[in-house]
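Reviewing the structure listed below.
Just so you know, these numbers use all the heavy atoms, side chains as well, and skip hydrogens, waters and symmetry mates. Quantities reported herein were computed from a predicted structural model and do not represent experimental measurements.
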Amino acid sequence: MEDDFYERLAFLHTEKDKDLFRDCRILQGIAEQWTNVSNIIAINCKTNNYSEIEPFCIQSAEEFPEKIIGNEAWEKLKKRTILSGTTSEYFGAIAMIIVDMYCQKNNIPIPNSNII
């Protein structure tokens with residue numbers, strides 16, 4: 001199932017990107033943090049509207065990635081990407097994962113152009 005999910009992540013453009021997410025255990029980190037992440041989204045996004053949830057998740061991923069993916073995954077991601085200066089490139093992918101998960105779990109429609 002995890003491999004199927006990675007295949008749907010169009011914004012992870014290369015196998016290298018997908019491997020990075022696998023190796024850093026990004027999905028596992030999100031799963032471990034999910035209760036907190038979901039509660040933070042619910043508290044801050046009152047309308048349950050995709051257009052409100054998406055920018056909030058992007059901002060949260062940029063400001064507090066360790067709260068979304070957990071400290072272990074965050075440290076692994078930093079170690080793998082900090083020297084190349086690409087760490088921030090992955091915040092959008094992390095945000096889209098949590099947007100997708102939150103919307104699916106809460107039956108919130110996702111615009112077709114944004115389905116991962």
**Prompt:** For the side chain of Asn49 and the backbone of Ser51, is there at least one donor-acceptor N/O pair under 3.5 Å apart?
**Reply:** yes
**Fill in**
One should read off an interatomic distance between Thr47 OG1 and Ile53 CD1, to the nearest 0.5 angstrom, of 6.5 Å
**Request:** Evaluate the side-chain proximity of Ile30 to Val37: yes if any heavy-atom separation is below 4.5 Å, no if none is.
**Result:** no
**Message:** If you count heavy atoms of other groups shown closer than 6.0 angstrom to NZ of Lys76, is the number above 12?
**Reply:** yes
**Message:** For a quick test of reading the model, state the closest non-hydrogen atom pair linking Ala73 to Arg25 and the distance between them.
**Reply:** CB-O, 3.9 Å
**Request:** Tell me, with the steps shown, if Leu27 and Phe21 meet side chain to side chain contact (heavy atoms under 4.5 Å, CB included).
**Result:** CA-CA 7 Å; Leu27 288 181; Phe21 265 52; 5.8 Å; no
**Prompt:** Do the non-hydrogen side-chain atoms of Tyr90 and Ile26 ever get within less than 4.5 Å of each other?
**Reply:** no
**Request:** Apply salt bridge (Lys or Arg N to Asp or Glu O under 4.0 Å) to the pair Arg22 and Asp19, showing each step before the final yes or no.
**Result:** CA-CA 5 Å; Arg22 282 186 194 101; Asp19 287 344; 3.1 Å; yes
**Prompt:** Would you find a donor on one side and an acceptor on the other, under 3.5 Å apart, between the side chain of Asn39 and the backbone of Thr35?
**Reply:** yes
**Request:** Salt-bridge test for Lys79 and Glu75: reply yes if a basic N is under 4.0 Å from a carboxylate O, no otherwise.
**Result:** no
**Request:** Compare all side-chain heavy atoms of Ser38 with those of Lys105 and state whether any distance is below 4.5 angstrom.
**Result:** no
**Asked** Distance from Ile40 atom CD1 to Phe64 atom CZ, nearest 0.5 Å?
**Response** 9.0 Å
**Request:** Check Tyr102 against Trp34 and note the closest heavy-atom contact, atom names and distance.
**Result:** N-CH2, 3.5 Å
**Message:** If you compare all heavy atoms of Phe56 against all heavy atoms of Cys45, which two are closest, and at what distance to 0.1 Å?
**Reply:** CB-SG, 3.6 Å
**Prompt:** Would Ile58 end up clustered with Leu77 when hydrophobic side chains under 4.5 Å apart are linked, directly or stepwise?
**Reply:** no
**Message:** Once rounded to the nearest 0.5 Å, what's the spacing between atom CD1 of Ile69 and atom NZ of Lys67?
**Reply:** 13.5 Å
**Asked** Roughly how far, to the nearest 0.5 Å, is the CD atom of Glu62 from the CD1 atom of Ile68?
**Response** 10.0 Å
